[in-house]
Amino acid sequence: WLFRVETTLNMFIYSSSFTYFFQDNAGQFFSSGHTNNWAVLVCTSRFWFNYRHVANTLSVYRSVKRLGIPDSHIVLMLADDMACNHRNPKPATVFSHKNMELNVYGDDVEVDYRGYEVTVENFLRVLTGRLPPSTPRSKRLLSDDRSNILIYLTGHGGNGFLKFQDSEEISNVELADAFEQMWQKRRYNELLFIIDTCQGASMYERFYSPNLMALASSQVGEDSLSHQPDLAIGVHLMDRYTFYLLEFLEDIHPASKTNMNDLFKVCPKSQCVSTPGHRTDLFLRDPGSVLITDFFGSVRKVEITMETINLTDPINAVNGELQKETYSYVDQLPVSEIIHQKPKQKDWHPPDGFILGLWTLILLVFFKTYGIKHLKHIF
Amino acid sequence: MAAYRYGYSAVLFILCGLSVFLVTNGQETILTGDDGAAAVDSPQTVTETAEQTAEQPAVEERQWEVTEVEEASPDEAAADKQDASAPETLVPPSVPRPKDDFQEELVIRPLHSGDIYASFQFRTLWETDFMRGNKVSHYRLFPKSLGQVISKFSVRELHISFTQGYWRTMQWGQPFLPAPPGAELWVWFQDSVTDVDGTWKELTNVLSGIFCASLNFIDSTNTVQPSASFKPLGISNVTDHRFLRYATLPREIVCTENLTPWKKLLPCGTKAGLAVLLKSEKLFHSSFHSQAVHIRPVCEDWQCKTTSWELRQTLSVVFDLHTSGQGKREWSLFKMFSRTLTDACPLASSSKVYIDITDNPEGEQFELIPATPLLSQAVVLGDRRTFSVYDLTQQITFGAVRSLNLLIRWKSTEGDMLRPLLHGERYVAGYGLQTGEIHTLMYNNHPYRSFPVLLLDSVPWYLRLYIHTLTVTSKAKDNKPSYIHYQPSKDRVRPHLLEMLVQLPPNSVTEVTVQFERALLKWTEYTPDPNHGFYVGSSVLSSLVPSIVAMDTNSTQERPLFSSFFPCKEESSYFVRVYTEPLLVNLPTPDFSMPYNVICLTCTVVAVGYGSLYNLLTRSFQIEEPSLGLAKRIANIIRKMRGVPPL
């Protein structure tokens, strides 16, 4: 119902000018200067034993969807199918908590890039918007300079790189350059980058574009560790950092006043074993004034117009005339037709009479030239 | 909860403010103070979806009251409101037939193996003039996303299916709607399309977005143009196979993300009717799951005066006796889908559940609770079957408890295997990683009739078929195909296409073998998990199988949906399509760490070998004076002062 509150407040502001009563409250909705929210959530690991990476990504997906970012504004990339994997004892589910308590996969998930489609190339193309022209909308990041973007990555990484699908990797320099390109192409207003991988802090240390805030699950030289082993499923369900991030996000609701400083405190070393890091020097605003919902939630603005809009009748008048062509159902296996199909037309060949005539002409010219007397040698 | 109260007061405030506004301007804006929906409806733009309207009649009522109190001219507005909402809530039977029509049905067939087969069919008919290429912008029941695809890409017919698991024909008999494992897409374009390949590429990209699938992997290397196998299922007057494209992705996984967009295409969503049973946790916990969308033009009447688009959404699922049924031969709707039925979709003109009771005329095999007096007979797959029918549009079906939970309890445990008349199998033979042989077996189980089968094989280019080794044998004799269409592959451009028309002798097995060689891929062409192997799509067997009973050739007659998919031309035989297993072939995979090894080795050689040689050649050697000790230096200074040569 928060959206309703927000909506009504906005209506209030737009429709009636004689109330300044809620102006202060309304101000905070626009303090971040963004008008729309996007999320790019990527799991880069394949194979069943990396179940936890898919669960990580899906738990962030669940949270942003719950907080109001619609599926059309979420680009979800999962490198492997865990939910319907043959090893999954409960198909069509991905659990984040032990004893199958929380199914983060849900009943209405929409995965945009999956399986082999999750590559470094596709990821960078989504970020920079340089996709083939026929790419559908659901696979694009259609953000603008008023967009707040959340980018979440998880997988196996090392100092300065993150592996994709066990076969290629993205380096921190490439990532930083992609963000710079996004900035230059005015594709974001503010960007929150979260990575849950070993030595995650190395991925954001090369960033140089403005308005970036970055979080990582571990410092350089540290491993990110898994959490929640489950005997029935047989694998670890989550990574520690994202597990506590999910616990934190579960308490957030669209009206929460929780800010980024609270997010930085998620998963202290006593819980995470690794040391989560964050970087705010590129970010212009004070993290204490940035709401969690600036990135994990969605802004909806509603304006009321008092003008009358006349819609033209959308139904085209159907022509009354009867169709000239007649249609009928086709024989599904027309055996005789198939057998007596004309053989494929070969290349053009001159007609036989033409060739016969040509040879006659050649012989005629020959005898005209050398005379009939040469024939005596033949006969 | 301060914000909540804020919201409330704000709403009230606006209500007052707006009512003033409304009265002065005479606008017909209605505002609800209701908790669930703070929607602003204006009669010109009814943005509510049908299901919302259907769901919340109470809300409508309350809007009414507010309207009457506040509106300047309540009668007018009320009339307006009713106009806008009436056609959405229900289709009154008295009005002339609407332009579109929606039917839903569920067929349940208990299988002798103890498993159970459930097949959903949802059909939307949309009467429109499709051949003119009119840009229609008004959609009612037909999903707009698909309607736009049809008109933009000039599609005449579109068939797409996503399947998980393999249909076991020998145990389960013939399915109502066959589909190969993975994804299958075949499309007939209209003859006005000039660049068919380009349109096909764009279409697959768009469909991959609509269905959340990797259909964008369909390119020229897995697309074929069958010359005879896939004829249009709808009405048409040209069958030039230049406008046909067929592709399969046998590796494609099917999961909830494919089901979600599929469910969104239904007029009632999953809110009402049979679709409430579609819970992904149950549907994917099964031996076989197949969902499909078929769009085709159909005739409305016998002379084909009026035509319409038909959208058929089908979903078939086989629940396993042991995993889903816990080994008990007892099935109920609740056990299968964890839901029961409570109503029909209000938009549907017909909503029925059929239970196949052909093998159980006297109730000796299984018991059906609740019993229904309604029986129906239908000719399906060359056989006359008897069905118990439950009509969901009748309130009496749901009884006093207002919910329908069908229960099927088996009495006997033995069951004989079904012997389908046509059956196909396929496997790879051979050893090693260089060559191999594909065997395709086609079974004709009819005791005395032979029938023709059209075999379609599409093999990727990296298996190089030796077409001279192609043999077709039945009953140990050579069986010469009466028609062969073979298109050789081109590396990295197009696959092999092999089509053969073979006459299967009665009660026989026909074996088709062909040898192949495995090609070497380039390093970057391997998948991220190359040791899993590479898939070869299913063979397609299209056949005219002799029918036991006379088939119904009238395609426009009212029939249950499951028996009216393939049009039938003659009474003595019926058309059936059988898919074989897809193949999983190992290709020679390189050691992917080799480039790394090569780089390491090269670097070592360069550093040690070339480096030391270069060092030797370019370095100049000098004898360095050993530095003198402090005592000696001082001594030398003294000697210099004395004019004696240094030490």
Side-chain angles (χ1 to χ4, degrees), chain A residues 1-2 4-5 7-9 11-12 15-16 22 25 46-47 81 83-84 90-93 105 107-112 114-117 132 134-139 165-167 255 304 306 308-311 314-316 318-319 322-323 325-333 335 338-339 341, chain B residues 3-4 6-7 10-11 14 17-18 25 27 38 40 44-45 129 131 134 136-138 164 201-202 205-206 208-210 212 214 228 231-232 235-237 239 253-257 260-261 279-281 284-285 299 304-305 307 452 454 482-483 501 527-529 542-544 555 566-567 569 575:
Chain A
W1 43 266
L2 177 102
R4 197 166 55 80
V5 175
T7 311
T8 46
L9 280 173
M11 290 188 327
F12 207 76
S15 59
S16 44
F22 294 108
N25 267 311
R46 240 192 135 66
F47 305 120
D81 166 50
C84 292
K90 288 271 287 175
T93 57
Y105 194 59
D107 207 26
D108 54 350
V109 65
E110 287 186 17
V111 185
D112 300 306
R114 58 181 198 168
Y116 298 149
E117 288 176 276
S134 56
T135 309
R137 285 180 76 86
S138 65
K139 292 189 167 187
Q165 303 248 13
D166 262 9
S167 64
I304 284 191
M306 287 299 161
T308 313
I309 299 163
N310 284 319
L311 298 175
I315 307 164
N316 296 337
V318 179
N319 299 345
L322 288 170
Q323 283 176 309
E325 291 173 281
T326 50
Y327 300 102
S328 61
Y329 289 98
V330 183
D331 204 347
Q332 289 299 307
L333 192 64
V335 177
I338 292 171
I339 294 173
Q341 244 175 30
Chain B
Y4 199 99
Y6 248 17
V11 168
I14 291 158
L18 275 181
N25 277 17
Q27 291 288 324
V40 182
Q44 288 99 336
T45 55
D129 193 3
M131 291 305 167
N134 283 351
V136 189
S137 56
H138 184 70
Q164 186 88 304
K201 185 70 205 153
E202 276 182 40
N205 272 325
V206 168
S208 85
I210 292 177
C212 285
S214 313
K231 294 289 177 193
I235 50 173
S236 67
N237 44 13
T239 58
I253 44 169
V254 185
C255 209
T256 312
E257 65 254 30
T260 310
K279 290 274 171 233
S280 61
E281 278 184 40
F284 290 100
H285 201 185
C299 286
C304 233
K305 285 267 172 50
T307 53
L454 189 65
S482 41
Y483 169 75
L501 186 69
T527 54
D529 51 350
S542 315
S543 175
L544 283 175
S555 58
F566 291 113
K569 278 281 178 182
F575 180 78

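Chain identifiers are assigned alphabetically (A, B, ...) following the order of the sequence lines, protein sequences preceding nucleic acid strands; residue numbering begins at 1 within each chain.
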Atom [atom1] of [X] and atom [atom2] of [Y]: how far apart are they, to the nearest 0.5 Å?
| X | Y | atom1 | atom2 | result |
| --- | --- | --- | --- | --- |
| A:Ile339 | B:Tyr483 | CD1 | OH | 10.5 Å |
| A:Gln165 | B:Asp529 | CD | CG | 8.0 Å |
| A:Asp107 | B:Ser280 | CG | OG | 4.0 Å |

Output, in order, the C-alpha distance, side-chain angles, deciding distance and verdict of side-chain contact (heavy atoms from CB on, under 4.5 Å) for A:Asp81 and B:Cys255. CA-CA 8 Å; A:Asp81 166 50; B:Cys255 209; 4.0 Å; yes

Cut-off 4.5 Å, heavy atoms of chain B, and the answer for A:Asp166 is neither

Measure distances from A:Ser138 to the heavy atoms of chain B and classify the residue's part below 4.5 Å as side chain, backbone, both or neither.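 The answer is the side chain of A:Ser138.
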
Which heavy-atom pair separates [X] from [Y] by the least distance, and what is that distance?
| X | Y | answer |
| --- | --- | --- |
| B:Pro528 | A:Ser167 | CB-OG, 4.0 Å |
| A:Val335 | B:Pro452 | CG2-CG, 3.7 Å |
| B:Thr256 | A:Ala92 | OG1-CB, 3.6 Å |
| A:Val330 | B:Pro567 | O-CG, 4.4 Å |

Can you confirm whether A:Cys84 sits close enough to B:Ile253 that some side-chain heavy atom of one is under 4.5 Å from a side-chain heavy atom of the other?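 No - every pair of side-chain heavy atoms lies 4.5 Å or more apart.
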
Is any side-chain heavy atom of B:Asn205 closer than 4.5 Å to a side-chain heavy atom of A:Thr135? no

Determine, step by step, whether A:Asp108 and B:Thr260 satisfy the side chain to side chain donor-acceptor pair (under 3.5 Å) criterion, reporting the C-alpha distance in whole Å, the side-chain angles of both residues, the deciding distance to 0.1 Å, and the verdict. CA-CA 5 Å; A:Asp108 54 350; B:Thr260 310; over 6 Å; no

According to ring pair (Phe, Tyr, Trp, His ring centres under 6.0 Å), who are the partners of A:Tyr116, at least two apart in sequence or on a separate chain?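 Not a single residue meets the ring pair (Phe, Tyr, Trp, His ring centres under 6.0 Å) criterion with A:Tyr116.
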
Excluding sequence neighbours, so at least two apart, what forms side-chain hydrogen bond (donor to acceptor under 3.5 Å, both in side chains) with A:Gln332?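 Once residues adjacent in sequence are excluded, A:Gln332 has no partner under the side-chain hydrogen bond (donor to acceptor under 3.5 Å, both in side chains) criterion.
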
Salt bridge or not between A:Asp331 and B:Lys231? Use side-chain N to carboxylate O under 4.0 Å.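 No, this pair does not count.
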
With no hydrogens and no angle check, just 3.5 Å: does a side-chain donor-acceptor pair link B:Ser214 and A:Glu117?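 Their side chains do contain a donor-acceptor pair, which is all the 3.5 Å distance test asks for.
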
So what's closer than 4.5 Å to chain A heavy atoms on B:Phe284: side chain, backbone, both or neither?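 Backbone plus side chain of B:Phe284, per the 4.5 Å heavy-atom cut-off to chain A.
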
Side chain to side chain donor-acceptor pair (under 3.5 Å) assessment of B:Glu281 paired with A:Tyr105: CA-CA 10 Å; B:Glu281 278 184 40; A:Tyr105 194 59; over 6 Å; no

Between A:Arg114 and B:Glu257 (side chain of the first, backbone of the second, donor and acceptor by atom type, cut-off under 3.5 Å), is there such a pair? no

